[in-house]
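All heavy atoms count here, side chains included; hydrogens, waters and symmetry mates do not. We name chains A, B, ... by the order of the sequence lines, and we start the count at 1 in each one.
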Protein chains: 2
Amino acid sequence: MRRTTKEKAAATPTARRGRSTGRPTIRDVSRLAGVSRMTVSRVVRGLDLVLPETRDRVHKAIADLGYVPDRAAGSLSSRRTGFIALMLPTLTNANFSAAAHGLTEVLRAADYHMLIAYTDYSIDEEERQLRNLLARRPEAIVLTGWLKGRMASRMLLAADIPVIEIADLPRQPIGHAIGFSNYEVGRTAARHLLGKGFQHVGAIAGSNEGDVIDHRGEERMRGFEDELRQAGRSTDLVIRQGNAPVSYGHGAALVPRLIDKKIDAVFAVSDLSAVGVVMECQRHGIRVPEDLSVMGFGDFEIGSVINPRLTTIHVDFKALGQRTGQLLLQLVNGETTLPPQRIDVGLRVIERTSVRTAG
Amino acid sequence: MRRTTKEKAAATPTARRGRSTGRPTIRDVSRLAGVSRMTVSRVVRGLDLVLPETRDRVHKAIADLGYVPDRAAGSLSSRRTGFIALMLPTLTNANFSAAAHGLTEVLRAADYHMLIAYTDYSIDEEERQLRNLLARRPEAIVLTGWLKGRMASRMLLAADIPVIEIADLPRQPIGHAIGFSNYEVGRTAARHLLGKGFQHVGAIAGSNEGDVIDHRGEERMRGFEDELRQAGRSTDLVIRQGNAPVSYGHGAALVPRLIDKKIDAVFAVSDLSAVGVVMECQRHGIRVPEDLSVMGFGDFEIGSVINPRLTTIHVDFKALGQRTGQLLLQLVNGETTLPPQRIDVGLRVIERTSVRTAG
DNA sequence: GGATAGGATGTTCACGGTAACAACAAAGAA
DNA sequence: TTCTTTGTTGTTACCGTGAACATCCTATCC
């Protein structure tokens with residue numbers, strides 16, 4: 001020790017004053033190591049301004065006490081929380097969790113922590129969750145919803161942090177946007193099926209009633225219908241029924257109506273629903289794709305496993321998450337002057353065997 | 001205003017001193033509403049000690065400024081962060097995310113926020129992630145792994161917060177435990193298949209090599225093998241191959257070996273792997289269950305959709321998450337004297353049609 | 001030898017809230 | 001009337017850390 005610190009030592013180290021808990025703080029470490037709190041702080045943050053000998057003494061004290069720095073206190077002082085907020089409709093969708101996964105991967109390396117909230121497709125939850133997230137002072141926020149509320153926008157504005165909207169590319173982005181067009185997904189699906197020569201092209205999606213709303217699915221249907229109209233076809237075979245999030249059961253339940261309507265090719269709003277259709281068809285002795293062609297969206301793993309393998313539309317959600325992470329890092333590391341980015345990660349049809357060539 | 005506050009007003013409200021950012025703070029609200037910061041704090045927390053007239057004035061100021069309280073600052077002072085930490089192996093497993101979902105649901109109502117970290121089945125990540133979590137000062141922590149490291153235990157101890165281990169019931173719980181026995185899963189599966197009269201009973205699981213380890217799957221295999229031995233059967237037909245987390249491809253890839261070994265009933269470590277087996281069998285013209293009976297674990301939704309529907313073992317992960325949430329709330333609300341709980345949520349065989357009755 | 005530069009460490013104060021307690025007014029009790 | 005109680009609001013002092021700046025020491029240079 002080159003110098004004696006003037007930091008006052010408590011008469012009894014065990015005597016805790018005020019509101020403090022029993023957890024070791026930076027002060028305990030500093031006393032044990034015989035240095036100032038600031039020196040400990042420097043060691044903890046790996047600032048490399050400290051003599052190796054001192055550093056080792058501090059590290060030993062940290063290990064002895066099982067000290068873990070309090071990031072809440074740290075961020076209060078430094079104005080950097082190391083949080084990135086992420087708002088999702090649900091955790092139980094493989095594509096969203098793939099995006100979250102890609103995001104986390106990139107940010108983890110930079111010592112950022114994702115703060116995840118999800119709304120279960122409920123609009124009311126959105127504002128509540130947003131407030132909760134912002135209260136943690138994230139350095140940036142990633143949204144998947146279409147934030148509508150006036151109060152929500154006000155809060156986002158006051159928060160004054162970078163905003164990235166992912167998954168669906170909004171027409172009027174709040175800040176940056178990385179994703180793809182669900183509208184184009186619908187158009188692409190319709191174009192693909194029409195191109196195969198089908199006469200009775202239908203689609204199945206959830207209906208949007210009450211508080212639970214799936215904008216993304218509805219966008220896909222809009223695109224699908226527009227493409228149908230443009231080709232001079234009727235949109236009567238587009239069926240909306242059941243609530244988001246749709247799953248296997250959704251598709252299975254709609255098979256009777258598909259038969260009723262004599263549909264020969266159907267686009268399902270999600271691969272899960274499409275798989276449900278295929279499996280239910282097997283039970284009814286309806287051959288896929290001979291009697292009914294089925295196309296999905298999302299390229300969920302299960303689609304590539306079933307018989308026949310599912311034709312679908314692929315979007316690389318993990319890459320989407322990773323790109324978001326990279327942009328995020330640029331933004332929080334000072335490149336605040338970056339003009340609003342709008343990145344379309346695109347989509348592509350994966351042709352497998354659940355769609356035949358007709359006519 | 002009944003009294004004039006002595007809180008010093010800045011000469012120029014816009015002039016920011018020190019390190020502060022542009023975001024409105026409780027002080028800005030207090031000035032605008034003409035009350036003390038403490039009064040604002042009471043209104044924000046809904047403490048109902050404030051005159052309605054004053055409360056309204058404060059609410060208006062909050063709305064005007066778009067003020068969102070800083071929870072980091074609040075928790076530093078109150079010693080309550082409102083965080084519950086959750087460590088998972090992965091987010092992309094439907095059962096784990098169901099548990100996370102159930103947990104979040106319960107805690108959300110009590111204004112707690114889940115802080116999620118996941119390790120991707122890597123041991124090295126575990127300690128790093130644990131440190132990151134503890135740095136946020138969660139009021140309790142929920143673990144799914146088997147924490148091994150000495151340092152990890154030291155940190156957990158120093159954190160001095162309730163610990164709940166979920167999913168797998170450990171032999172020596174650190175604190176509380178809610179879950180089921182993966183060992184029993186294996187035994188139950190073996191018993192079920194043996195009870196059906198099969199002669200060549202096998203199983204497929206991941207192998208545990210390198211840093212990536214799936215304790216849970218291995219436990220199931222241990223139980224399976226023990227039951228086999230106890231029945232005087234050979235365990236030669238238990239195949240370990242591929243890394244956790246296993247998915248559809250795992251099962252599909254192992255079908256040739258199942259044929260090779262003339263296995264007539266197989267237990268897959270996970271439904272996903274089992275579904276892979278079933279689908280691949282269809283491609284090879286192997287009939288399920290006539291030629292090969294298949295049993296899975298986890299009761300994933302897809303299992304109830306495929307043909308034939310998958311016989312499996314069900315554990316109610318969502319309920320598991322909810323019960324964890326309820327216990328958590330008891331623990332953080334003062335019931336610290338609660339003796340260590342050990343709750344077995346049990347498991348049950350779901351008989352469907354992928355397993356036949358033999359001999 | 002004295003001035004200067006730079007490395008290692010220390011001190012002070014602010015970050016944005018809240019616990020604890022104090023102060024004061026109005027209403028009720030003795 | 002005076003004392004006590006109750007309800008509302010304010011003041012003070014922290015919570016644990018980091019930014020900014022200060023200080024001390026050693027090495028180097030002319």
Side-chain angles (χ1 to χ4, degrees), chain A residues 1-8 16-31 33-55 57-58 65 67-82 135-137, chain B residues 1-8 10 16-31 33-55 57-58 65 67-82 134-137:
Chain A
M1 206 180 328
R2 313 227 323 255
R3 204 179 340 167
T4 354
T5 170
K6 285 182 193 166
E7 304 241 327
K8 57 201 161 196
R16 291 276 164 190
R17 311 158 317 288
R19 313 166 207 162
S20 111
T21 65
R23 285 193 209 86
T25 74
I26 205 170
R27 168 173 276 122
D28 298 313
V29 177
S30 77
R31 276 204 282 263
V35 296
S36 73
R37 286 177 296 161
M38 203 55 221
T39 299
V40 177
S41 174
R42 289 183 181 115
V43 171
V44 167
R45 286 179 290 156
L47 288 191
D48 210 27
L49 296 166
V50 181
L51 223 52
E53 163 199 328
T54 312
R55 173 159 40 76
R57 229 171 41 241
V58 171
L65 294 170
Y67 168 72
V68 175
D70 185 332
R71 290 276 253 141
S75 20
L76 188 56
S77 179
S78 70
R79 316 296 318 133
R80 308 202 65 179
T81 58
R136 303 297 183 172
R137 296 292 187 266
Chain B
M1 209 178 323
R2 311 227 323 257
R3 202 179 342 164
T4 354
T5 172
K6 283 182 192 165
E7 303 242 329
K8 54 202 163 193
R16 293 275 164 190
R17 311 159 317 288
R19 313 167 209 163
S20 114
T21 64
R23 285 192 208 85
T25 73
I26 203 172
R27 167 172 277 123
D28 298 314
V29 177
S30 77
R31 275 203 284 261
V35 296
S36 72
R37 286 178 296 161
M38 204 56 221
T39 299
V40 176
S41 174
R42 289 183 181 113
V43 171
V44 168
R45 286 180 292 158
L47 288 190
D48 207 27
L49 295 166
V50 180
L51 222 54
E53 164 199 326
T54 312
R55 174 161 37 77
R57 229 173 38 242
V58 171
L65 293 170
Y67 168 71
V68 175
D70 185 331
R71 291 276 255 136
S75 24
L76 188 57
S77 178
S78 70
R79 316 297 315 136
R80 307 202 66 178
T81 57
L134 293 181
R136 304 297 183 172
R137 296 293 186 265

Nearest to the B:Tyr67 side chain among C:dC21, C:dG17, D:dT17, which nucleotide is it?
C:dG17

For A:Arg136, does its backbone N or O pair with a side-chain atom of B:Arg71 as donor and acceptor, under 3.5 Å?
no

Does one side chain, of B:Ser41 or B:Arg45, offer a donor that lies under 3.5 Å from an acceptor on the other?
yes

Closest to the side chain of B:Met38, out of D:dT17, D:dT9, C:dA19, is C:dA19

Taking the axis from the first five pairs and the axis from the last five, what angle separates them in the helix from C:dG1-D:dC30 to C:dA30-D:dT1, rounded to 10 degrees?
50°

Donor-acceptor pair under 3.5 Å: do we get one between B:Arg42's side chain and the base of D:dG10?
yes

Assess the residue pair A:Arg137 and B:Val68 against the criterion (side chain to side chain contact (heavy atoms under 4.5 Å, CB included)); give the C-alpha distance rounded to whole Å, side-chain angles, the decisive distance to 0.1 Å, and a yes or no.
CA-CA 9 Å; A:Arg137 296 292 187 266; B:Val68 175; 4.1 Å; yes

Just the rounded figure in Å: distance from C1' of D:dT17 to CZ of B:Arg136.
13 Å

Interatomic distance where CZ belongs to B:Arg31 and C1' belongs to C:dG16 [whole Å]
13 Å

Spacing of B:Arg37 atom CZ relative to C:dG16 atom P, expressed in whole Å:
11 Å

Are any of B:Thr25's side-chain N or O atoms less than 4.0 Å away from OP1 or OP2 of C:dG16?
no

Nearest to the side chain of A:Ala73, which nucleotide is it out of D:dT17, D:dG10, C:dG17?
D:dT17

Check the distance between C:dA19's C1' and B:Ile26's CD1 and give it to me in whole angstrom.
13 Å

So, OP1 or OP2 of D:dG10: does either fall under 4.0 Å of a side-chain N or O from B:Thr39?
yes

Expressed as a whole number of angstroms, how long is the span from A:Arg71:CZ to D:dG16:C1'?
14 Å

Any sub-3.5 Å donor-acceptor pair from A:Arg55's side-chain atoms to A:Val43's backbone N or O?
no

Distance, rounded to the nearest Å, where A:Asp70 contributes CG and D:dC14 contributes C1'
14 Å

In this structure, CG of B:Leu49 is separated from OG1 of B:Thr54 (nearest 0.5 Å) by 12.0 Å

Nearest to the side chain of B:Leu76, heavy atoms from C-beta on, is which of C:dG16, D:dT17, C:dC21?
C:dG16

Rounded to whole Å, please give me the gap between CZ in B:Arg79 and P in C:dG17.
17 Å

May I ask you to say what B:Val50 touches in the nucleic acid, namely base, sugar-phosphate or nothing, with a heavy-atom cut-off under 4.0 Å?
sugar-phosphate

Looking at A:Ser75, does any N or O in its side chain come under 4.0 Å of the phosphate oxygens OP1/OP2 on C:dC15?
no

In whole angstrom, give the distance that lies between atom CZ of A:Arg27 and atom C1' of D:dC14.
11 Å

Compare the minimum distances between each of C:dG17, C:dA20, C:dA14 and the side chain of A:Ser77, then state the nucleotide with the smallest one.
C:dA14

Has A:Arg45 got a side-chain N or O lying under 4.0 Å from the OP1 or OP2 atom of D:dA19?
yes

Would you say the side chain of B:Val58 lies within less than 4.5 Å of the side chain of B:Val50, judging by non-hydrogen atoms?
no

Side-chain heavy-atom pair B:Val29, B:Leu65 within 4.5 angstrom cut-off
yes

Identify, between B:Gly74 and A:Asp48, the residue whose nearest nucleotide on DNA chain C lies closer to the 5' end.
A:Asp48

Going by heavy atoms in the side chains, are A:Asp28 and A:Arg23 under 4.5 Å from each other?
no

DNA chain D nearest-nucleotide lookup for A:Val44 and B:Pro52: closer to the 5′ end is B:Pro52

Any idea which of D:dA19, D:dG16, C:dC21 is nearest the A:Ser78 side chain?
D:dA19

